[in-house]
Amino acid sequence: MTFLRTLAAASAVAFLAMPAAAEKLSLNAISNYLNGLTSAKGAFTQINDDGTISTGTIYIKRPGKVRFEYNPPEQALVLAYAGEVAIFDKKTGQGPDRYPLARTPLSIILDRNVNLARANMVTGQGYDGTATTVTAQDPDHPEYGNIQLKFTGPPVQLRQWIIRDDSGSTTTVVLGDLEEASGLSNRIFDINAEVAKMSR
């Protein structure tokens, strides 16, 4: 799915200074962290599959909602809401491309109840002395691709993800510090509301 190239992407940006007491994180600790990540926002840097780099702000409201706002000169907007992902390209003036959220590896961390200990969900786990890396897939549909998540801690913090989609394309998103953002309105994620706004 080519839309994942817009959704996510890698970064040559160095991580912030890591805590000296870093240690390998358990799957339970990571699952608990993700389940507690109800509303957050932060900066992201994206490197697309073709090597182009974008930056912007990400808004997360679990379960199931995310908004990627891209900084100029990009004119893209990506929303996940009500089980769908929508890719807006304001340059075209057309309606968004829409895809089922369940068919993207990003759905794993946006799920209502993240349980990385579920059978056949985690296919790899590593630790490099600074960060814990977990590779996860939908155990019922491994053909949808996978997501590799990188965490530091304790305290646990999500720093990066790499998505490999069903076409084999690999993209990565590197996150700045995620800040709690209680009070995020559902409207900023609402795909139909965005369509109506653009058509005015």
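None of the values given here were measured: they were computed from a predicted structure. Note: hydrogens, waters and symmetry copies are ignored here, and every other heavy atom, side chains too, is used.
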| query | Quick check, are the ring centers of Tyr59 and Phe189 under 6.0 angstrom apart? | reply | no
| message | Checking Ser182 now: which residues fulfil side chain to side chain contact (heavy atoms under 4.5 Å, CB included) with it, not counting sequence neighbours? | response | Glu180
| ILVMFWY cluster, Met198 and Tyr81 together (side-chain gap under 4.5 Å) | yes
| task | Would you indicate whether the side-chain heavy atoms of Asn32 and Leu34 approach each other to under 4.5 Å? | result | no
| said: The criterion is side-chain hydrogen bond (donor to acceptor under 3.5 Å, both in side chains); which residues satisfy it with Thr170, sequence neighbours excluded? | reply: Arg164
| query | How long is the gap from CG on Leu106 to CD1 on Ile147, to the nearest 0.5 Å? | reply | 5.5 Å
| request: Can you measure from CD (Glu23) to OG1 (Thr130) and round to the nearest 0.5 angstrom? | output: 12.5 Å
| message | Looking at every non-hydrogen atom in both residues, tell me the closest pair between Thr152 and Ala131 and how far apart they are. | response | CG2-CB, 4.2 Å
Hey, can you pull the donor-acceptor pairs under 3.5 Å for the side chains in residues 108-122, sequence neighbours left out?
| from | atom 1 | to | atom 2 | distance (Å) |
| --- | --- | --- | --- | --- |
| Asn115 | OD1 | Ala117 | N | 3.1 |
| Arg118 | NH2 | Asp140 | OD2 | 2.9 |

| query | Which residues satisfy the side-chain hydrogen bond (donor to acceptor under 3.5 Å, both in side chains) test with Glu143, sequence neighbours excluded? | reply | His141
| query | Below 4.5 Å, heavy atoms only, C-beta onward: do Gln148 and Val134 meet side chain to side chain? | reply | no
| request: Indicate the atoms forming the closest heavy-atom contact of Leu25 with Thr132, along with that distance. | output: N-OG1, 2.9 Å
| Pro105 and Gly145: which non-hydrogen atoms are nearest, and at how many Å? | CG-C, 3.8 Å
| Quick one: are Asn28 and Tyr33 in side-chain contact, heavy atoms under 4.5 Å? | no
| said: Applying side-chain contact (heavy atoms from CB on, under 4.5 Å) to Gln125 and Leu27, what does each step give before you reach the verdict? | reply: CA-CA 9 Å; Gln125 183 177 10; Leu27 294 181; 3.8 Å; yes
| Within residues 29-39 or reaching into it, pairs that qualify as salt bridge (charged side-chain N to carboxylate O under 4.0 Å, His left out) - sequence neighbours excluded | none
| Euclidean distance, Asp166 CG relative to Asn146 CG, rounded to 0.5 Å | 11.0 Å
| remark: Taken in chain and number order and not counting sequence neighbours, the residues that satisfy side chain to side chain contact (heavy atoms under 4.5 Å, CB included) with Glu74 are Ser54, Tyr70
List, one per line, each side-chain donor-acceptor pair under 3.5 Å for residues 84-93, sequence neighbours excluded.
| from | atom 1 | to | atom 2 | distance (Å) |
| --- | --- | --- | --- | --- |
| Glu84 | OE1 | Arg98 | NH1 | 3.1 |
| Asp89 | OD1 | Lys91 | N | 3.1 |
| Thr92 | OG1 | Asp89 | O | 2.9 |
| Thr92 | OG1 | Gln94 | N | 3.1 |

| task | To the nearest 0.5 Å, tell me how far Leu178 CG sits from Arg159 CZ. | result | 8.5 Å
| Side chains of Ile58 and Leu175 in contact at under 4.5 Å (non-hydrogen atoms) | yes
| When rounded to the nearest 0.5 angstrom, what is the spacing between CG in Leu158 and CD1 in Ile60? | 7.0 Å
| message | I'd like to check the side chain to side chain contact (heavy atoms under 4.5 Å, CB included) partners of Ala193; sequence neighbours left out, ordered by chain and number. | response | Arg187, Asp190
| field | Residue that, paired with Lys61, satisfies side chain to side chain contact (heavy atoms under 4.5 Å, CB included) out of Ile188, Val66, Asn186 | value | Asn186
| Does Tyr99 belong to the same Ile/Leu/Val/Met/Phe/Trp/Tyr cluster as Ile191, with side-chain heavy atoms less than 4.5 Å apart forming each link? | no
| For Ala82, which residues count as a side chain to side chain contact (heavy atoms under 4.5 Å, CB included) partner, sequence neighbours excluded? | none
| request: Could you please spell out the steps behind the side-chain contact (heavy atoms from CB on, under 4.5 Å) verdict for Arg62 and Asn35? | output: CA-CA 8 Å; Arg62 299 183 57 261; Asn35 287 323; 3.5 Å; yes
| query | Quick one: are Asn48 and Gln46 in side-chain contact, heavy atoms under 4.5 Å? | reply | yes
| message | Once rounded to the nearest 0.5 Å, what's the spacing between atom OG of Ser39 and atom CD of Glu179? | response | 13.0 Å
| message | Can you list everything that forms a side-chain hydrogen bond (donor to acceptor under 3.5 Å, both in side chains) with Thr55? Sequence neighbours excluded, please. | response | Asn71
| message | So, using salt bridge (charged side-chain N to carboxylate O under 4.0 Å, His left out) as the criterion, who are the partners of Arg67 when residues are at least two apart? | response | Glu69, Glu194
| task | For residues Asp165 and Thr104, determine if any side-chain heavy atom of one lies less than 4.5 Å from a side-chain heavy atom of the other. | result | no
